[in-house]
Participant: 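Would you mind keeping the following structure in view while I ask a few things?
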There are 2 protein chains.
Amino acid sequence: MARAGTTARKTRNQMEKRQAIFEAALDVFSEKGLRGATLEQVAKAAGLSKQNVVYYFNGKDQIYAELLESLLQKWVQPLHDLSAEGDPLDEILTYVSRKVQMSRNMPRESRLFATEILHGAPRLGDVLPTDLKTLVDDKAAIIQGWMDAGKLAPLDPHHLIFSIWSMTQHYADFDVQVRSVLGPERSATRFEDAEAFIKDMLIRTLQP
Amino acid sequence: MARAGTTARKTRNQMEKRQAIFEAALDVFSEKGLRGATLEQVAKAAGLSKQNVVYYFNGKDQIYAELLESLLQKWVQPLHDLSAEGDPLDEILTYVSRKVQMSRNMPRESRLFATEILHGAPRLGDVLPTDLKTLVDDKAAIIQGWMDAGKLAPLDPHHLIFSIWSMTQHYADFDVQVRSVLGPERSATRFEDAEAFIKDMLIRTLQP
DNA sequence: AAAAATGTTGACCGATCGTGCAGAAATCAT
DNA sequence: ATGATTTCTGCACGATCGGTCAACATTTTT
């Protein structure tokens, strides 16, 4: 017997297969959702049989859960990197840049989290009210400090962060709508235009 | 034979039952998605039997399709009401108000559309590239006119509309996250705070 | 090479779900 | 009241899906 999924990772082969399944699962789950996707679709996308997928993981839900967990850190990294040491406006604009880049380069991850939260985030457990809240509160305090020091216009830091999340992720999550409304020509530069627009908006807003 | 669903509506009874099913479907579909929800859940929420639901509609997909269609107009109405006649900033801030109100009072509708678009909007057909694009282009032209007249700061009108969509709908679609991050106390006033923040941001941004 | 561990597949099961249909039950028209 | 129409239910079929298990194949270890 094997049980590749339960204990610590072993061989390189196992790591590679698990990674292939993660990749396929990200493709399928982000497009169809957890309930809308089937194990066979994931297996086919990974180039494996359904039973073989179950061999490496212990079921559909576990793939989804581990996938979500493995992506969480990477997802909040840009906010983590927002530093009190740098120039206030620079730090925030850099954060916007990285978030727009993530919408452009990691739209599947964005949609995966969006779908999860949209449906009540039952599988994110209590990560939201603990880890994420702590992180946001921390960074909001930094921003508040900048505002108190007169380096930024006074605004609610939490809602400022929400606005950046929403505006940037919008271009990944609602890409179909964005492209439909912009039309084929203007869609080509939608990410550059979005980044310029959001930065412009924030510069005007945050200027003390 | 009956076929309550295919032809024009008849009795008051049919209208009421269909409305009850719509209400139930909005509840269930917005929470679990089309594929994640079952007919029996919709039926139970509507106080009917599964087969009886099929009697009034001709299947699960038809309920979803008609529900989406019946909500579409209501959903874009605020943008439709944005008028070239009014004061530029007033018109835009009023639009924001109405969008925040919709996030507060119609979160299910917001999540339903969000899920649909997130998954590629296959059932919105070509409404996005035609009707919605036309509407947005129309309103963007009005805003552009205001900017050309020096009444608003020059910005990309399309991305301005996107930013309003994303920021306002964020508080409906990602409500779990917003409440988790804000904590119980601050969550109580999240919609008022959001409206004030977004308006503040837009005022600073759009001031010529 | 033999044995052990790891990897893969085919056959299959139980459960769920959407749907069709005959007919009962209720309501309405005359 | 009688017949027609509408409304509702019981029954059940076919399809799909997640998951199991034993057998087979491959790789690794000794």
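Note that the coordinates shown come from a computational prediction; the quantities given were computed from them, not determined experimentally.
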Participant: Could you tell me the separation between the CD atom of B/Q177 and the CD1 atom of A/I117, rounded to the nearest 0.5 Å?
Facilitator: 3.5 Å
Participant: In whole angstroms, how far is the P atom of D/dG19 from the OH atom of A/Y56?
Facilitator: 18 Å
Participant: Distances for protein N/O vs nucleotides 22-30 of chain D N/O pairs under 3.5 angstrom?
Facilitator:
none

Participant: In a check of side chain to side chain donor-acceptor pair (under 3.5 Å) between A/S110 and each of A/T168, A/D173, A/T115, which one passes?
Facilitator: A/D173
Participant: Could you give the distance from CZ (A/R190) to CG (A/L182), rounded to the nearest 0.5 Å?
Facilitator: 8.0 Å
Participant: Runs of at least three consecutive Watson-Crick or G-U pairs, both distances under 3.5 Å, are what I'm after; which ones involve DNA chain D?
Facilitator: C:1-30 with D:1-30
Participant: Measure from CG on A/L48 to C1' on C/dT8 and round the result to the nearest Å.
Facilitator: 9 Å
Participant: Only one of B/V28, B/D27, B/L26 passes side-chain contact (heavy atoms from CB on, under 4.5 Å) with B/V42; say which it is.
Facilitator: B/V28
Participant: Mind telling me whether A/W165 and B/H170 have parallel, tilted or perpendicular rings, with 30° and 60° as the class edges?
Facilitator: tilted
Participant: Working to the nearest 0.5 angstrom, can you tell me the gap between B/R35 CZ and B/K60 NZ?
Facilitator: 8.0 Å
Participant: Just to confirm, is there a sub-4.0 Å distance from OP1 or OP2 of D/dT7 to any side-chain nitrogen or oxygen of B/Y55?
Facilitator: yes
Participant: Looking at C/dT9, I'd like to know if its phosphate oxygens (OP1 or OP2) sit under 4.0 Å from a side-chain N or O belonging to A/S49.
Facilitator: yes
Participant: B/K32 has an atom NZ; how far is it from atom C1' of C/dC17, in whole Å?
Facilitator: 14 Å
Participant: Specify the separation, in whole Å, of atom NZ of A/K44 and atom P of D/dG18.
Facilitator: 15 Å
Participant: Please tell me which of the listed nucleotides, D/dT7, D/dC8, C/dT9, lies nearest to the side chain of B/Q14?
Facilitator: D/dT7
Participant: For residues A/H159 and B/Y171, establish whether the separation of their ring centroids is below 6.0 Å.
Facilitator: yes
Participant: Using every non-hydrogen atom in the two residues, find where A/G120 and B/V176 come nearest and quote the distance to one decimal.
Facilitator: CA-CG2, 3.7 Å
Participant: Taking all atoms of both residues into account, what is the closest heavy-atom pair of A/G33 and B/H119, and its distance?
Facilitator: N-NE2, 3.9 Å
Participant: Nearest-Å distance, CE (B/M15) to P (D/dT6)?
Facilitator: 17 Å
Participant: Would you kindly give the CG-to-P distance between A/N52 and C/dG10, to the nearest whole Å?
Facilitator: 11 Å
Participant: Between the protein and nucleotides 18-27 of chain C, which nitrogen or oxygen pairs come in under 3.5 angstrom?
Facilitator:
residue : atom : partner : partner atom : Å
C/dG18  : OP1  : B/L39   : N            : 3.4
C/dG18  : OP1  : B/K60   : NZ           : 2.8
C/dG18  : OP2  : B/L39   : N            : 2.9
C/dG18  : N7   : B/K50   : NZ           : 3.3
C/dT19  : OP2  : B/K60   : N            : 3.0

Participant: In terms of heavy-atom contacts, does CD of B/Q77 have more than 12 from other residues, nucleotides or ligands at under 6.0 Å?
Facilitator: yes
Participant: Under the side-chain hydrogen bond (donor to acceptor under 3.5 Å, both in side chains) rule, what do A/E91 and A/S83 come out as? Steps first, then yes or no, please.
Facilitator: CA-CA 7 Å; A/E91 288 290 326; A/S83 161; 4.7 Å; no
